[in-house]
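Only this structure's heavy atoms are used, side chains among them; waters, hydrogens and symmetry mates stay out. We number each residue from 1, following the sequence as shown.
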Amino acid sequence: MSLLSIEFFCFLIGLLFLYYIVPVRLRWIVLLAGSVAFYMFSGWKYLILVIFTTVTTFLAAGRLEGLNGRIKEDVKKLAEKEERKRLKEKLVKQKKGIVAAVLITNFAILMLFKTPLLRERFSLLLPLGISFYTFQTIGYMIDVYRGKFSAEKNIFKYAVFTIYFPQIIQGPINRYQELAPQLTRGNELKWKNIKYGAELFLWGMFKKLVISDRAAIFVNTVFGQELEGISGSVILIGVFLFNIQLYGDFSGGIDMVRGISEMLGIEMTENFRRPFFSRSLGEYWRRWHISLGTWIKDYVFYPLAMSKLFASIGSNAKKKLGNHMGKTLPGGIASIITFVLIGIWHDIGWYYVVYGLWHGIIMALSSICAPLLRKGNEFFCIRTDCLSFRWFQRFRTWMLITIGEYFSLSGNLKNIGIMFRETVKNFKYRQLFYGLGEYGLDGREWVVLGCGVLMLIFVSMKQESGVRIREALERQNLWFQWIAVVGVVFLVAVFGIYGPGYDAASFIYGGF
């Protein structure tokens, strides 16, 4: 069911009405029933996979909590130190075995559906939201394993967290302790939530339909054909526009699902924080797909970087290469591994492995080479506390991201070489001003796209300076608020990309 379809709007209005008329204590049941209905409408055949993941992680978490209790209570009852140690080791081993079994089972299912060769072999379609609910439930189970909170006792309340319909499309990857209480407590009807949620949903539509889907026409035209012979300038513009398309699509979709949740009185985790204002690649990944980045950091990066193996690597590096390398080398290696995993999460293909390596190696080098960079700035008398240097850092980060998108857009290793070769050897500066209209967008469409991007930049700059747009709009006269909202509705209605065969539901990250 498309977020931008008449069917979905009818579904949402009906759900909101039903949610707020039933008693507060029963409102979580409305969310569960509505989420199951939404999933069944979108792909009922794969509902069994959601149920399997829900049941396995629920049962595992319950068992893990029981073992946590035994470690706290039974171990203390033993008088002998050696007996306490043996029992604790036995119980910890059982915990690790449970986690390993559930991890292997659920990630094997995920890999089955995400591996192109296997999908083609068994004629499988990628189930809706499989990456997001798998990561979310695995994170819940690991947090119970670590003793961060108690396991949920009601499997149906836990199921609301697993299959909550706005997040199932493309995230964000929420944490149980933050989202689950909001889903099950029952929220009161507030006009402010309805209004703010609708405004956020509308802004997401603008980014998706006016900016992203218009940029997609050019991107799909350029990269949907043989790249041999296409001028480097066209490829570079295509890569730049792909960045805009991806941001408009993904952040726009997240704004829509967060807006829906806000109407229900539910605050979902932030997933974007104006990433193209980042001054380093590390900052970019702290602002882009925040929920995935924090999930990888908490459940992959830190366990790796703080493991005995990496402690040994750091100790050896400290002895042979000095204190700085001892501190940064383990984290650098862990960064490379985690970014390769992020690449594979996007798609199982060598070009995404290269994409992950690019980001991971740059991140690692930025930490390892930090002292050299500082000395270089001092030697060349470069001021790092001024506006010009900050904008240089942003431009440098943008270019590093752009190079990374060459890998993700290529589709295979051969095309990576073709794209870089054409960009360097066959740039054709003239096509930056003439001939771009041959790739799906005429002069009028370029003007609309440019104005849309400028509007996005203006709003982003205001947000970056601390302005809360919806709260600032709330402080204006009512007539001005209506003009602003109706104006965006008009822009979406008139300049949104529609037409025969057009599928507004095709969010890019819906395929992950």
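Here the closest heavy-atom approach between residue Ala215 and residue Leu241 is recorded as CB-O, 3.9 Å. Smallest separation of non-hydrogen atoms from Gly452 and Ile211: O-CD1, 3.3 Å. Across every non-hydrogen atom of Ile98 and Ala60, the tightest pair is CG2-CB, 3.8 Å. When all heavy atoms of Leu400 and Ile362 are compared, the pair lying nearest together is CD1-CG2, 4.1 Å. Nearest heavy atom pair, residue Asn174 against residue Gln136, reads N-OE1, 2.7 Å. Across all non-hydrogen atoms, the minimal contact from Phe132 to Ile169 is CE1-O, 3.9 Å.
In this structure, the ring of Phe113 has its center less than 6.0 angstrom from the ring center of Tyr46. Taking the six-membered ring for Trp and the full ring otherwise, the centers of His289 and Trp345 sit less than 6.0 Å from each other. Two rings, from Tyr355 and Phe339, have their centers 6.0 Å or more apart.
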The test is side-chain hydrogen bond (donor to acceptor under 3.5 Å, both in side chains); show your working for Glu152 and Tyr176 and say whether it passes. CA-CA 10 Å; Glu152 174 61 59; Tyr176 176 82; 2.9 Å; yes

Phe272 vs Phe250, ring pair (Phe, Tyr, Trp, His ring centres under 6.0 Å): CA-CA, chis, key distance, verdict: CA-CA 9 Å; Phe272 289 92; Phe250 196 15; 5.0 Å; yes

Begin from the C-alpha positions of Asn426 and Ser231 and carry the test side-chain hydrogen bond (donor to acceptor under 3.5 Å, both in side chains) through to its verdict. CA-CA 5 Å; Asn426 185 32; Ser231 71; 5.8 Å; no

Please step through side-chain hydrogen bond (donor to acceptor under 3.5 Å, both in side chains) for the pair Asn220 and Tyr439, ending with a clear verdict. CA-CA 9 Å; Asn220 293 339; Tyr439 297 92; over 6 Å; no

Evaluate Phe420 against Phe407 for ring pair (Phe, Tyr, Trp, His ring centres under 6.0 Å), listing each step before the verdict. CA-CA 10 Å; Phe420 279 110; Phe407 305 129; 5.7 Å; yes

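Relative orientation of the Phe165 and Phe11 rings is perpendicular, given thresholds of 30° and 60° on the angle between their planes. Between Phe240 and Trp398, the ring planes are parallel. Angles under 30° get that label, and only those over 60° would be called perpendicular. Taking the six-membered ring where tryptophan is involved, the planes of His359 and Tyr284 are essentially parallel, since the angle between them stays under 30° and well short of 60°. Between Phe161 and Tyr140, the two ring planes are tilted [angle within 30° to 60°].
Separating the CD1 atom in Ile254 from the OG atom in Ser251 is a distance of 8.5 Å, to the nearest 0.5 Å. For the atom pair Glu226 CD and Ile418 CD1, the distance stands at 7.0 Å (nearest 0.5 Å).
In this structure a side-chain-to-backbone donor-acceptor pair under 3.5 Å is present from Thr56 to Phe52. Counting only distance, with no hydrogens or angles, the side chain of Lys95 and the backbone of Tyr145 share a donor-acceptor pair below 3.5 Å. Put simply, the side chain of Ser410 never gets that close to the backbone of Leu413: no donor and acceptor are under 3.5 Å apart. The backbone N or O of Arg394 lies less than 3.5 Å from no partner atom in the side chain of Arg279, so there is not a single donor-acceptor pair. The main-chain N or O of Leu304 is found under 3.5 Å from a side-chain atom of Ser307 such that the two form a donor-acceptor pair. Without hydrogens or angle criteria, Thr137 side chain to Thr134 main chain gives a donor-acceptor distance under 3.5 Å.
A cation-pi geometry, defined here as NZ or CZ lying under 6.0 Å from the six-membered ring centre and within 45° of its normal, does not hold between Lys208 and Trp203. In this structure, Lys207 satisfies the cation-pi test against Tyr247, with its NZ or CZ atom closer than 6.0 Å to the six-membered ring centre and inside 45 degrees of the ring normal.
Of the N and O atoms on the side chains of Thr57 and Tyr158, at least one donor lies less than 3.5 Å from an acceptor on the other residue. A donor and an acceptor atom, one from each side chain of Glu405 and Ser408, are located under 3.5 Å apart. The closest side-chain donor-acceptor pair between Gln245 and Asp249, if any, does not fall under 3.5 angstrom. Side chains of Tyr133 and Asn106: a donor-acceptor N/O pair is absent below 3.5 angstrom, by distance only.
Note on Arg175 versus Asp298: salt bridge recorded, some NZ/NE/NH1/NH2 to OD/OE distance being below 4.0 Å. In this structure, Arg273 pairs ionically with Glu270, as a charged nitrogen and a carboxylate oxygen lie closer than 4.0 Å. A salt bridge is defined here as a Lys NZ or Arg NE, NH1 or NH2 lying under 4.0 Å from an Asp or Glu carboxylate O, and Arg287 with Glu464 meets this definition. Between Glu65 and Lys153, at least one side-chain nitrogen of the basic residue sits less than 4.0 Å from a carboxylate oxygen of the acidic one, meeting the salt-bridge criterion. Between Glu89 and Lys93, none of the side-chain N atoms (NZ, or NE/NH1/NH2) sits under 4.0 Å from a carboxylate O, so this pair counts as no salt bridge.
A 6.0 Å sphere centred on NZ of Lys414 holds no more than 12 heavy atoms belonging to other residues, nucleotides or ligands. Counting heavy-atom neighbours within 6.0 Å of Phe395 CZ, excluding the residue itself, gives a total of 12 or less. A 6.0 Å sphere centred on CZ of Phe389 holds more than 12 heavy atoms belonging to other residues, nucleotides or ligands. Shown here is Tyr302, whose OH atom has no more than 12 heavy atoms of other residues, nucleotides or ligands within 6.0 Å. More than 12 non-hydrogen atoms from other residues, nucleotides or ligands lie less than 6.0 angstrom from CE of Met111.
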